[in-house]
S.K.: 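Structure in structure tokens, see below.
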Number of protein chains: 2
Amino acid sequence: MHRELLLLGLLRNEDMHGYRLAEFIAHDMAFCTDLKKPTAYHLLQKMAADGLIDESAEQEGNRPARTVYRITAAGEARFQTLLRENLRHYQSIHFAGDIGLAFIDALPQDEAHDLLRQRHAAITAEIEHLSSVAGQTHTDGGLALVFDHYLYHLRSESAWLAAVLNGEPRTSPPG
Amino acid sequence: MHRELLLLGLLRNEDMHGYRLAEFIAHDMAFCTDLKKPTAYHLLQKMAADGLIDESAEQEGNRPARTVYRITAAGEARFQTLLRENLRHYQSIHFAGDIGLAFIDALPQDEAHDLLRQRHAAITAEIEHLSSVAGQTHTDGGLALVFDHYLYHLRSESAWLAAVLNGEPRTSPPG
DNA sequence: TCCTGACTAGTCAATCTTGACTAATCAGAA
DNA sequence: TTCTGATTAGTCAAGATTGACTAGTCAGGA
């Protein structure tokens with residue numbers, strides 16, 4: 001459902017064709033969604049069938065024709081509903097990396113420790129990378145908030161993993 | 001891929017039939033995965049076809065026959081590989097709730113604030129609930145670690161959202 | 001001019017995922 | 001005993017998702 005919200009939200013800002021939508025999402029929102037190009041096309045077609053968006057053909061020079069999508073009044077109403085639902089609720093997350101943790105006792109302690117150190121290094125690297133990209137794009141309005149959230153989350157993950165690696169007692173709160 | 005790891009890890013501990021696996025996952029691992037019953041069956045059949053697990057029929061009383069799965073040597077090898085891969089890497093997460101945040105400017109500030117307060121209350125409620133269930137099950141070995149991670153994450157989310165609601169400056173680290 | 005590699009705009013088959021359903025068994029109440 | 005609702009053990013069709021592919025365009029170098 002949040003994928004529809006994403007597409008409607010972007011179309012609300014500006015009419016776009018599928019390729020551009022997918023590209024924007026992949027380049028500028030990679031840190032908060034993993035919506036792929038074919039999925040975007042699929043959802044766009046479905047939403048068009050539902051009357052939430054309008055399709056129109058557009059030709060530029062003699063490049064291949066593009067299908068441009070524009071949000072309708074029904075789509076705007078949907079957006080409003082979905083947005084409120086999204087903000088109101090907390091949607092719990094599952095960490096793929098936790099499955100490994102659940103079976104960590106299957107490995108010798110030394111090796112497990114070493115692997116987790118590599119994981120910690122990967123988190124640190126992502127924090128560095130994100131921090132360095134910080135001021136470049138998506139520094140506007142809502143996306144800035146999301147960016148901050150992601151960075152905060154990464155720091156929290158890093159801190160938790162560091163505590164585990166130091167053998168600190170469990171279930172300690174952050175901050 | 002982590003779903004295969006999960007099923008192999010559980011079968012490694014004990015032979016089981018599909019229904020029991022799915023039930024255990026839904027009851028005792030809900031906080032770290034969302035693998036559904038039909039998906040579990042699908043993966044079990046695939047892994048059986050790949051020779052990672054063996055199928056055998058089992059009849060108890062005159063209850064319907066059950067297909068019991070047992071991990072093979074190839075399956076154990078796969079488990080070892082997948083476990084190391086899982087622990088070594090950090091797999092980044094996407095928050096469905098972030099999509100709403102990205103478009104929060106579309107709502108009047110007061111309403112947005114109010115909705116986020118409801119979200120915060122939902123997180124608090126989940127923390128309460130989890131804390132109360134803490135000592136009951138999954139307090140063993142790896143699952144204890146995962147449980148701690150989830151609780152830590154919830155606290156981190158709560159803290160971040162509280163900071164946002166208080167209008168505190170962004171991109172502050174936890175702890 | 002011709003060729004190569006990159007970009008544009010999408011499509012498609014294969015795979016994954018799940019809500020809803022089936023069909024049998026059992027426990028306990030009426 | 002008979003009925004109801006819960007539990008057991010799955011199946012299935014429908015829908016979601018994605019890696020790999022197509023087919024045209026364009027820029028720049030040889």
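Below, chain A is the first sequence line, B the second, and so on; all start at residue 1.
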S.K.: Rounded off to whole Å, could you give me the CG-to-P distance for the A:Leu21 and C:dT8 pair?
M.R.: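 The distance from CG of A:Leu21 to P of C:dT8 comes to 14 Å, rounded to the nearest Å.
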
S.K.: Write down the distance between CE (B:Met16) and P (D:dT8), rounded to a whole number of angstrom.
M.R.: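 Nearest whole value for this atom pair: 15 Å.
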
S.K.: Starting at atom CD of B:Glu55, determine the distance to atom P of D:dA9, rounded to an integer number of angstrom.
M.R.: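 The distance from CD of B:Glu55 to P of D:dA9 comes to 16 Å, rounded to the nearest Å.
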
S.K.: Using the rule given for salt bridge (charged side-chain N to carboxylate O under 4.0 Å, His left out), can you reason through A:Glu55 versus A:Arg70, listing the C-alpha separation, both sets of side-chain angles and the distance that settles it, and then say yes or no?
M.R.: CA-CA 7 Å; A:Glu55 293 171 312; A:Arg70 174 193 306 268; over 6 Å; no

S.K.: Counting heavy atoms from C-beta on, name the nucleotide in C:dT11, C:dT8, D:dA9 closest to the side chain of A:Tyr19.
M.R.: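 In terms of side-chain proximity for A:Tyr19, the closest of C:dT11, C:dT8, D:dA9 is C:dT8.
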
S.K.: In whole angstrom, give the distance that lies between atom CZ of B:Arg66 and atom P of D:dG10.
M.R.: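 The answer, rounded to whole Å, is 8 Å.
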
S.K.: Quick check on DNA chain D: between B:Glu23 and B:Gln45, whose nearest nucleotide comes earlier from the 5' end?
M.R.: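 Of the two residues, B:Glu23 wins.
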
S.K.: Can you tell me how far C1' of D:dT17 sits from CE of A:Met1, to the nearest Å?
M.R.: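 So the CE-C1' distance, A:Met1 to D:dT17, works out to 15 Å.
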
S.K.: How many Å lie between CZ on B:Phe24 and C1' on D:dT8, as a whole number?
M.R.: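 About 18 Å, once rounded to whole Å.
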
S.K.: Could you give the distance from CG (B:Leu10) to CE (B:Met29), rounded to the nearest 0.5 Å?
M.R.: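 Reported value, rounded in 0.5 Å steps: 5.5 Å.
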
S.K.: Centroid-to-centroid, A:His153 to B:Phe95, below 6.0 Å?
M.R.: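 Ring-ring flag for A:His153/B:Phe95: true, centres closer than 6.0 Å.
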
S.K.: Could you go over nucleotides 12-23 of chain C and give all protein N or O partners under 3.5 Å, atom names and distances?
M.R.:
from	atom 1	to	atom 2	distance (Å)
C:dT18	OP2	B:Thr39	OG1	3.2

S.K.: Report the C-alpha distance between A:Leu83 and A:Leu87 in whole Å, list the side-chain angles of each, state the deciding distance to 0.1 Å, and finish with yes or no for side-chain contact (heavy atoms from CB on, under 4.5 Å).
M.R.: CA-CA 6 Å; A:Leu83 178 55; A:Leu87 290 173; 3.8 Å; yes

S.K.: Hey, are the side chains of A:Leu130 and A:Phe147 touching, using non-hydrogen atoms and a 4.5 Å cut-off?
M.R.: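 Yes. Closest side-chain heavy atoms under 4.5 Å.
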
S.K.: Whole Å only: how far is the OH atom of B:Tyr41 from the C1' atom of D:dT11?
M.R.: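 Roughly 9 Å, once rounded to whole Å.
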
S.K.: Please find the pair of heavy atoms, one from A:Glu126 and one from B:Ser92, that lie closest to each other, and give the distance.
M.R.: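 Taking A:Glu126 first and B:Ser92 second, the nearest heavy atoms are OE2-CB, 4.1 Å.
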
